[in-house]
Amino acid sequence: MENIVKKITSNLVVILLAGGIGSRLNQKTSKQMISYNNETILEKNIIIFKKFLNNIPIQVVSNNKDFSKVSEINKKFNIFPPVLGGNERQESVFNALKSLKKVNPKYVLIHD
């Protein structure tokens, strides 16, 4: 079993969709940029993935409004630069998948 897990995780990339604007929250701040205990929701998600899937590449998808903040967060955690999302979730996933051509993973885990 350990060999199977090792094989999967060595060919895995995580996509974190963080391009939403949180319109249902009725706030000016995007939900992934809301801070709790001095960390954004995005940072908390990155920390959890890095804890349980150590050394797995992470690709974050961002909206245009938060792109520079997300870029800073990605640098802080030493993960791929963010990708700009689309108008719809499926466009954002597609943009992330296109950006992963350079890595060519066998498996992709999409966190929504």
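All values derive from a computational prediction rather than experimental measurement.
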- Message: Per the ring pair (Phe, Tyr, Trp, His ring centres under 6.0 Å) rule, what does the pair list look like for residues 69-91, sequence neighbours excluded?
- Response: none

Throw together a table of side-chain donor-acceptor distances under 3.5 angstrom for residues 44-51, partners on residues two or more places apart or in other chains.
unit_1: Lys44; atom_1: NZ; unit_2: Tyr36; atom_2: O; d: 3.3
unit_1: Lys44; atom_1: NZ; unit_2: Glu39; atom_2: OE1; d: 3.1
unit_1: Asn45; atom_1: ND2; unit_2: Ile41; atom_2: O; d: 2.9

Is the shortest heavy-atom distance from the side chain of [X] to the side chain of [Y] under 4.5 Å?
X      : Y      : result
Leu17  : Ser92  : yes
Ile15  : His111 : no
Leu109 : Leu53  : yes
Val14  : Pro57  : no

- Under the salt bridge (charged side-chain N to carboxylate O under 4.0 Å, His left out) rule, what pairs show up with a residue in residues 66-86, not counting sequence neighbours?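 Pairs touching residues 66-86 that pass the test: Glu43-Lys76.
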
- Report the residues that fulfil side-chain contact (heavy atoms from CB on, under 4.5 Å) with Lys98, sequence neighbours left out, ordered by chain and then residue number.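 Phe94, Asn95.
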
- Item | Residues forming a side-chain contact (heavy atoms from CB on, under 4.5 Å) with Gln90, sequence neighbours excluded |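 Gln90 satisfies side-chain contact (heavy atoms from CB on, under 4.5 Å) with Glu88 once adjacent residues are dropped.
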
- Testing Val60, Thr40, Leu42 for side chain to side chain contact (heavy atoms under 4.5 Å, CB included) with Gln32, which one passes?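 Exactly one pass, corresponding to Leu42.
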
- Query: Which distance, rounded to the nearest 0.5 Å, do you find between the CG of Asn54 and the CD1 of Ile56?
  - Reply: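 Between Asn54 CG and Ile56 CD1, I get 8.0 Å after rounding to 0.5 Å.
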
- Cluster check Val108, Val83: I/L/V/M/F/W/Y, side chain < 4.5 angstrom: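 Each belongs to a different hydrophobic cluster.
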
- Message: Determine whether a donor-acceptor pair (N or O, by modelled atom type, separation under 3.5 Å) exists between the side chain of Gln59 and the backbone of Pro81.
- Response: yes

- Item | Backbone N/O of Gly19 and side chain of Ser62: donor-acceptor pair under 3.5 Å |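 No; zero donor-acceptor contacts below 3.5 Å.
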
- When Ile, Leu, Val, Met, Phe, Trp and Tyr are grouped by side-chain heavy atoms lying under 4.5 Å apart, directly or through other members, which residues fall in the same group as Phe67?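 Besides Phe67, the hydrophobic cluster comprises Leu84, listed by chain and residue number.
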
